[in-house]
Every structure is written in C-alpha cells, then in structure tokens.
Amino acid sequence: MLDIIKKIKNNLVSNFEGIGDKDILVSSPPEIKMGDVSVPLFALSKKLNIPLPELAEKCIPLVKIETFVDKVERVGGYLNLFLNRDVTAGEIIKQVLKSNKLFGSSFSGKGKKALIEHTSINPNASPHVGRARNAMIGDSLSRIFRFEGYDTEVHYYVNDMGRQIGLLVLISDEIENLDFNGILEAYVRANQRAENDPEFAQKGYDLLAKMEQGDEDVRKKFFHVTEMCLKGQLQVLKRLGVDYDYFDRESNFIESEELNKVLEVLKTKGALFVDEEQRLTVDLAPLGYTQEEGRYFVLRRANGSSMYGYRDLAYTIYKGLMGADEDIIVLGEDHKLYLQQISLILSGAGYKPPVPVFYSYILLKEGKMSTRQGNVVLLSDFLDTASELAFKRVQEQCKELSEEEQKLIAEQVAVSAIRFAVLRVTPTKNVIFDIESALSFEGDTGPYLQYSCARIKSILRKYGKEIPLNISDEIPIQQDEEWILVRKISEFPLTVLNSIEQRNPSIIAGYALDLAHTFTSFYHTCPVLQAEKEEIKEARLQICSATLQTMQNALHLLGISVPERM
RNA sequence: GCGCCUGUAGCUCAGUUGGAUAGAGCACUUGCCUCCGGAGCAAGGGGCCGUGGGUUCAAAUCCCGCCGGGCGCGCCA
C-alpha cells in the first residue's frame with residue numbers, strides 16, 4: 001500500500017515541473033463505494049496553474065499503477081482510485097506474514113540511538129495512576145523506538161536527595177522496620193512535623209548537607225531508605241510490564257566538571273552571578289529569556305549546597321554526552337517552565353537539550369487527585385481490583401484452565417485495562433479517569449482488544465493446522481468487510497511512523513481500536529472455517545492470521561499482552 | 001496578572017496535520033446466541049466542533065479577541 005502511494009507520487013512529481021512530494025496529498029475517500037485511494041488536485045491545480053479538468057485528464061494515466069489500480073474516477077477535484085482487491089490483498093497479506101513480529105516497522109531508526117528517561121518519581125510513596133502515566137507513556141515510546149530499529153536505552157533518574165528525603169531518613173530512625181507499605185505515612189508525618197517544628201526541619205537540612213559532603217554513614221542511610229522505596233515502586237511498575245536499563249542516582253551529580261565548564265561559558269555571557277544573598281544564580285535574560293517571571297535560576301544555596309537544578313543540569317549533560325540521536329525525557333506539564341530554563345542554559349553553552357514529551361495530569365471524575373484528601377487511586381490497588389474482577393470472569397469462561405493460568409490471564413487483562421485507558425488519550429490532554437468504566441472491560445477498552453485477538457486465536461486453534469503460507473499472488477476477496485480489514489492492516493506502518501514522529505502512543509491505541517472494530521465486523525459477516533469454498537477459507541485464515549499479527553504488534557507497542565484465551 | 005496546554009454528541013475520547021455527508025465507546029431505544037467465543041455485532045435517536053471575527057476554491061483543523069478547564073510563575077524536587 002505504501003509502495004502504491006509512493007509510485008503515485010513519483011509519477012506525478014516526475015511529470016510536472018516544480019512540484020515536490022509534499023505537494024501531492026493522498027487520502028482515502030469517505031466511502032468504500034467511492035474507491036480506495038483519493039488524490040485531491042485543488043492545490044496542485046493552483047500551483048501548476050492548470051485548470052482542474054485539464055489537470056485531472058493528465059493525471060489519470062499517471063496514477064493508474066499497473067495491476068494494482070483497476071479504475072480511476074474523477075469526482076469534483078478528486079481522483080478516486082479503485083484498487084484491484086485480490087492483487088492488493090495478496091501483496092499486503094504476504095508482507096505481513098513474512099515480516100511477522102516486525103510488520104509495521106519502517107526501520108527508520110536503523111543505526112541510530114535513542115535515550116529515553118521516564119518515570120523518575122520521588123522515592124516517597126507507592127505510585128498512583130497519575131504518576132504511572134509517565135511510566136506508561138515512556139515505556140510505550142521506548143517500545144516504539146525499539147520497534148523502529150533504534151538502539152534504545154531507558155533511564156530512570158532516582159531522586160535520592162533533597163530535603164524531603166532528608167526528612168524521611170530522619171523519621172525512619174524513629175520507626176522500627178519501616179517498610180514500603182509504611183513509607184507514605186512516614187513521609188506525610190515527616191513533612192507535617194517539619195512544618196510545625198523548625199528544629200526538626202533544620203535537622204533535615206543538616207543531614208542533607210552531611211550527605212553532600214560525603215559523610216559515609218549518612219550516605220548509607222539515604223541509600224537504604226531510597227533503595228527500599230525504589231524497589232517497592234519498581235515492583236508495582238513491573239506489574240505493568242515497565243522495564244528500565246539504567247538507574248541513575250541524583251546523588252552522583254552533586255559536583256560535575258562538565259557542568260562547571262558550562263557555567264564558565266555562562267559567565268562570559270554575563271548570565272551567571274552571585275546574588276546579594278550569596279546564591280549562585282543564572283540570569284536567563286542574556287540567554288534569550290524574555291519574561292521577568294522565572295528569569296532567575298538558582299544553582300547553589302548561600303552555604304554552597306547544590307539545588308535540584310544544579311544536579312539535574314549535571315545529569316542532563318551526562319545523558320547528552322552519550323551521543324544519542326534522540327535524547328528524550330518524559331515529563332509532567334508542571335515541568336514546562338523548568339525544562340525551558342535548563343534548555344536555555346544548555347543551549348546557551350552550546351549543548352543540545354533533551355526533547356521533552358509533556359503529558360497532562362490524570363483527573364478523577366470527582367476532581368483532582370489529592371493525597372491529603374485521600375482521593376488517589378493507587379496503581380497497585382487498581383490492578384488488584386481489576387485483576388480480581390477479571391479472574392471471576394475468566395473462571396466462568398475458561399473452566400478447563402488451571403487456577404494458576406486463570407490468575408495469569410486475569411492479571412494480563414487488568415494491565416491492559418489500565419494501560420489502554422491511559423495511553424489512548426493524547427498526552428497533552430488531561431485524562432479523566434473513571435474507575436468504573438475502566439473496570440467494565442466493555443467498549444473501547446484494552447480487554448476488548450485482547451478479546452478480539454482471543455477470538456482469532458480460537459479460530460486458528462480450531463483449524464488446527466499451519467496456515468498455508470505459500471500464498472499465491474492473489475487472495476480472493478468476496479466481501480467489503482474482508483477488503484476493509486485488509487486495507488486497515490495496510491495502514492499500520494504509516495501509523496507507527498506517525499506515532500514516533502509525534503511521540504504519541506495514543507495514535508497506536510486509536511489504530512488498535514479501529515483494527516479491532518473492523519475485524520469483529522468481518523468476523524460477524526464472513527464465516528472462516530465454514531466458508532463456502534476451500535480457497536475462500538484459506539484466504540480468510542490468512543487474513544485472520546495477518547490481523548492477529550498486526551494487532552499483537554500494535555498491542556506490544558502499548559505494552560499489552562495477548563492471552564491465548566480469556 | 002503573565003506564560004504554556006486545552007475546549008468536538010448527556011459522559012469519555014478520535015478526527016489521516018487545510019479536504020468530500022465530523023466519527024467511536026458509555027448511557028438510551030430496537031434487533032441478533034441449535035451458527036468460528038455475546039468482554040460481541042447490526043440499526044436508531046442525539047452536534048452552532050466553547051464563542052465572535054479573520055485568512056481561501058475549501059476551516060473542527062491556521063491567525064486574532066473573548067469565555068470555561070488544566071499546569072506553571074526565585075531559595076521545593
């Protein structure tokens with residue numbers, strides 16, 4: 001399908017002076033009756049200064065690609081092409097079944113490296129679904145980059161420093177056997193106490209200072225608390241299928257030669273100064289910042305201790321020096337100004353800042369999530385209830401399976417429910433998270449996608465033999481539903497490219513839904529195993545198999561696995 | 001107040017980057033399990049695409065104003 005579009009473009013570009021690939025738009029007509037591919041000529045007519053009817057006449061033979069295009073109709077300013085269904089379907093299905101797990105990849109990242117930092121939550125509590133949005137988007141992007149052939153590494157920045165951690169370390173001395181479950185309560189208590197007790201707060205700072213100065217005992221304590229918390233968080237994220245390659249600890253970036261070089265450059269630009277209270281500060285105005293709000297960026301306190309911004313700059317430079325072609329960081333929208341600031345600092349010194357992928361917050365139906373008001377949805381809580389619900393369902397429907405297998409499937413269903421509910425929304429928009437509908441497993445949900453796969457698997461299982469792979473050049477297409485499904489399959493590679501270009505997994509999610517809908521529609525009108533003729537049966541088996549492969553590939557990019565039955 | 005993001009069916013979201021009659025799901029109404037899995041399918045009702053201007057053959061999409069929502073705005077991370 002991609003090839004056909006390419007050929008059409010090539011033919012047109014090489015036959016008219018002064019136009020490029022981008023001048024030729026290719027879309028599809030609104031209805032299947034009107035054809036399969038459409039080329040709007042309005043803009044072209046204007047650019048070439050040729051009246052529409054005349055231009056259309058000239059274009060018709062150029063777009064009539066041999067064996068693939070049966071007929072071309074002109075409707076208004078559009079050229080509508082009708083593809084030869086049997087030939088095109090043969091081509092597409094063959095390609096899918098040959099490429100298997102790689103179908104959909106254009107290998108646009110071959111020979112390139114991608115570095116993605118995501119999640120990086122503060123080690124102070126079990127993650128709620130809002131935090132998990134970062135992990136899901138980041139993980140999905142990592143999968144997409146890998147799929148496109150990028151040598152991809154995933155980094156997790158462990159915020160093992162800072163005032164809050166200092167307080168947490170203090171309070172952990174008072175609590176016996178503080179474990180991950182008790183950590184949020186301890187954290188809240190520590191912060192409350194710091195608010196009411198200045199002495200306690202000061203002790204936190206002192207501890208932090210000792211940590212920075214390299215006091216072994218204190219460092220050990222910090223490590224112990226943050227490591228315990230990180231482990232707990234990772235365990236929950238692991239349930240989602242989220243993995244990381246590197247854990248980079250903030251405490252390793254207290255001092256950085258590279259950053260000090262950057263600061264030297266800033267000094268020559270008049271962008272670095274020590275303010276009247278002895279704080280080492282960057283003035284962003286000489287670097288091109290135009291507003292007063294957020295103009296000053298503090299790096300070190302009066303006592304010389306580093307601020308978060310200093311350490312993070314050092315870390316960002318460290319990542320940048322790894323030479324990735326794509327240096328990406330997934331951040332909540334609350335970090336927009338902050339990232340703008342450090343980007344200015346870095347590019348001011350000639351460094352390439354990372355490319356941010358921002359996402360907006362998850363809101364509950366009742367409003368914002370608030371830890372204090374207790375209306376947060378913990379990721380692990382959601383997974384527990386979803387898994388339990390799914391388990392009951394699986395117990396009813398898959399009686400022949402062992403309880404162990406049933407539980408495994410239920411967990412897969414739970415994960416797909418949350419991942420899909422979050423990933424299907426464009427990152428820049430708020431997700432309004434409705435627990436009830438996320439737990440319903442009906443309609444446009446992850447479990448629905450898994451279900452449509454399970455049905456295909458069921459057909460293939462009943463068939464019992466290998467799908468004949470010696471596909472002839474043509475595949476007999478009987479019904480519109482078959483053809484629409486094949487066309488939808490062929491859109492997958494473009495969808496993936498689109499999604500990686502925009503760094504937006506929701507495009508894949510939308511595609512997966514479309515594909516599932518087209519399939520179930522096909523499923524209800526076209527009997528496969530009971531097809532009227534053997535060759536039609538084979539054709540449909542191949543279409544089923546190609547659909548399953550495409551769906552599995554798409555779902556893999558979203559981090560959703562496909563159970564054999566459910 | 002200033003900056004960034006956002007506004008599409010009662011609700012939750014799509015909309016191929018400016019193209020043909022704006023699409024799904026939930027909810028509501030009506031059909032469909034002796035027939036490959038009903039976590040499903042088919043059909044119906046439901047829209048001033050927040051609002052007022054502008055740009056052009058063509059605007060939900062681009063520009064400007066206003067209104068509503070999210071986020072941020074120097075010693076936190």
Side-chain angles (χ1 to χ4, degrees), chain A residues 25-31 34 38 40 42-43 45-46 52 75-78 80 120 122 124 159 161-165 250 275 277 279 281 290-302 307-309 311-312 332-338 340 358-361 363 365 368 390 393-394 397-398 413 421 424-434 436-438 440-445 447-452 454-463 491 494-495 498 501-502 506-507 509-511 513-514 516-517 520-521 523-531 540 544 565-566:
Chain A
L25 295 164
V26 178
S27 57
S28 45
E31 272 182 275
M34 299 171 74
S38 78
F42 307 97
S45 147
K46 200 170 182 184
L52 257 178
V75 183
Y78 297 90
N80 290 339
S120 306
N122 290 336
N124 59 20
N159 302 126
M161 283 196 67
R163 201 181 68 99
Q164 281 101 328
I165 305 301
E250 186 182 341
D275 74 1
E277 287 170 59
R279 294 174 294 229
T281 307
T290 53
Q291 274 180 273
E292 199 51 34
E293 296 87 7
R295 175 178 162 182
Y296 299 105
F297 190 88
V298 178
L299 295 173
R300 286 193 183 280
R301 298 184 179 90
M307 298 278 294
Y308 177 81
R311 290 170 246 135
D312 195 31
E333 62 175 340
D334 51 333
H335 285 72
K336 273 185 184 175
L337 174 62
Y338 171 75
Q340 197 192 339
F358 290 114
Y359 64 91
S360 194
Y361 282 16
L363 310 175
K365 242 164 105 187
K368 297 179 200 180
R393 195 76 175 267
V394 176
Q397 291 188 25
C398 308
V413 171
R424 82 193 206 95
V425 181
T426 300
T428 49
K429 298 211 323 189
N430 288 111
V431 171
I432 314 290
F433 188 69
D434 177 9
E436 274 184 38
S437 68
S440 80
F441 309 151
E442 271 166 26
D444 287 351
T445 62
Y448 166 72
L449 300 176
Q450 292 176 313
Y451 182 70
S452 61
R455 280 176 148 178
I456 303 176
K457 289 196 173 196
S458 169
I459 293 174
L460 301 182
R461 203 165 47 234
K462 284 217 166 88
Y463 179 64
E491 288 171 18
L494 262 179
T495 307
N498 207 341
E501 248 165 55
Q502 298 187 43
S506 83
I507 294 170
Y511 173 80
L513 267 184
D514 263 6
H517 283 137
T520 32
S521 177
Y523 176 89
H524 281 276
T525 45
C526 305
V528 178
L529 298 175
Q530 272 85 40
R540 288 183 179 163
C544 281
R565 38 189 113 200
M566 60 191 279

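A note on names: the letters A, B, ... follow the listed sequences, proteins ahead of strands, and every chain is numbered from 1.
A cation-pi arrangement is absent between K368(A) and Y361(A) under the rule of less than 6.0 angstrom and at most 45 degrees off the ring axis. Cation-pi geometry between R455(A) and Y523(A) is met: the NZ or CZ atom falls under 6.0 Å from the ring centre, inside 45° of the normal.
With rounding to whole Å, R163(A) atom CZ is found 10 Å from A77(B) atom C1'. We find that CG of D434(A) is positioned 11 Å from P of A27(B), with the value rounded to whole Å. Distance NE2 (H517(A)) to C1' (A42(B)): 13 Å, rounded to an integer number of Å.
Heavy-atom distances to RNA chain B give each of P29(A) and Y361(A) a nearest nucleotide, and the one nearer the 5′ end belongs to P29(A). Residue-to-nucleotide proximity on RNA chain B shows that, of V75(A) and R461(A), the 5′-proximal contact is made by V75(A).
Of the candidates G74(B), A77(B), G37(B), G37(B) carries the atom nearest the K462(A) side chain, counting heavy atoms from C-beta on. For L363(A), counting side-chain heavy atoms from C-beta on, the closest listed nucleotide (C41(B), A77(B), G70(B)) is G70(B). Proximity note for Q164(A) (side chain, C-beta onward) versus C2(B), G72(B), A77(B): the nearest is A77(B). The side chain of N159(A) lies closest to A77(B) when the candidates are A24(B), A39(B), A77(B). For N430(A), whose side chain is taken as the heavy atoms from C-beta onward, the closest listed nucleotide among G40(B), G70(B), G19(B) is G70(B). The side chain of D444(A) approaches A24(B) more closely than any other nucleotide in the set A24(B), C76(B), G37(B). Side chain of Y451(A), nearest nucleotide from C76(B), A39(B), G25(B): A39(B). The nucleotide whose nearest atom lies closest to any side-chain atom of K368(A) is, among A20(B), G37(B), G70(B), G70(B).
Counting non-hydrogen atoms under 4.0 angstrom, F297(A) reaches nothing in the nucleic acid. Residue C398(A) is classed as having no contact, given no heavy-atom separation below 4.0 Å to the nucleic acid. Residue E491(A) is out of contact with every strand shown, counting any heavy-atom pair closer than 4.0 Å. When heavy atoms are screened at a 4.0 angstrom cut-off, V298(A) is found touching no nucleic acid atom at all. In this structure, F358(A) reaches neither bases nor backbone, as no heavy-atom distance under 4.0 Å exists between it and the strands shown. R424(A) comes within contact range of at least one nucleobase, with a heavy-atom separation under 4.0 Å. As judged by a 4.0 angstrom heavy-atom cut-off over every strand, M307(A) is placed among residues touching the sugar-phosphate backbone only. Among the heavy atoms of the strands lying under 4.0 Å from A454(A) is at least one base atom, whether or not backbone atoms are also near.
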Which nucleotides of nucleotides 3-10 of chain B have their base under 4.0 Å from a protein heavy atom (B), which only their sugar-phosphate (S), and which neither (-), written as one string 5' to 3'?
SSSSS---
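Put simply, CD on E250(A) and CE on M161(A) are 6.0 Å apart, with the number rounded to the nearest 0.5 Å.
Y296(A) has no side-chain polar atom (N or O) that falls below the 4.0 Å cut-off from OP1 or OP2 of G74(B). Under 4.0 angstrom from either OP1 or OP2 of A42(B) there lies at least one side-chain N or O belonging to S521(A). An OP1 or OP2 oxygen of G38(B) is reached within less than 4.0 angstrom by a side-chain nitrogen or oxygen of R455(A). At the phosphate of C26(B), neither OP1 nor OP2 sits under 4.0 Å from any side-chain N or O atom of S437(A). Taking side-chain N and O atoms only, Q397(A) has a distance below 4.0 Å to OP1 or OP2 of A39(B). Considering only side-chain N and O atoms, R393(A) lies under 4.0 angstrom from the phosphate OP1 or OP2 of A39(B). Checking the phosphate oxygens (OP1, OP2) of G19(B), no side-chain nitrogen or oxygen of S27(A) falls inside 4.0 Å.
In this structure, Y448(A) does not count as stacked on the base of G40(B) under the 5.5 Å centre distance and 30° plane angle limits.
C33(B) adopts a syn glycosidic conformation, its chi angle falling within 90° of 0. Glycosidic conformation of G15(B): anti, with the torsion beyond 90° of 0.
Between H335(A) and Y359(A), the gap from one ring centroid to the other reaches at least 6.0 Å.
Checked by distance alone, N80(A) brings a side-chain donor or acceptor within 3.5 Å of a matching partner on the base of A20(B). No hydrogens or angles were tested; on distance alone, nothing pairs the side chain of S440(A) with the base of A39(B) as donor and acceptor under 3.5 Å.
Using the six-membered ring where Trp is involved, F42(A) and Y78(A) have ring planes that are perpendicular, over 60° apart on the 30 and 60° scheme.
Side-chain contact, T428(A) with S360(A): no donor N or O sits under 3.5 Å from an acceptor N or O. At a cut-off of 3.5 Å, with distance as the only test, a side-chain donor of D312(A) or Y338(A) sits close to an acceptor on the other residue.
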Using Watson-Crick and G-U wobble pairs whose two distances are both under 3.5 Å, how do you write the pairing of RNA chain B as dot-bracket, with | for links to another strand?
(((((((..((((.....[...)))).(((((.......))))).....(((((..]....))))))))))))....
What does the list of N/O pairs under 3.5 Å between the protein and nucleotides 54-59 of chain B look like, with a distance for each?
{"unit_1": "C57(B)", "atom_1": "OP1", "unit_2": "K46(A)", "atom_2": "NZ", "d": "2.7"}

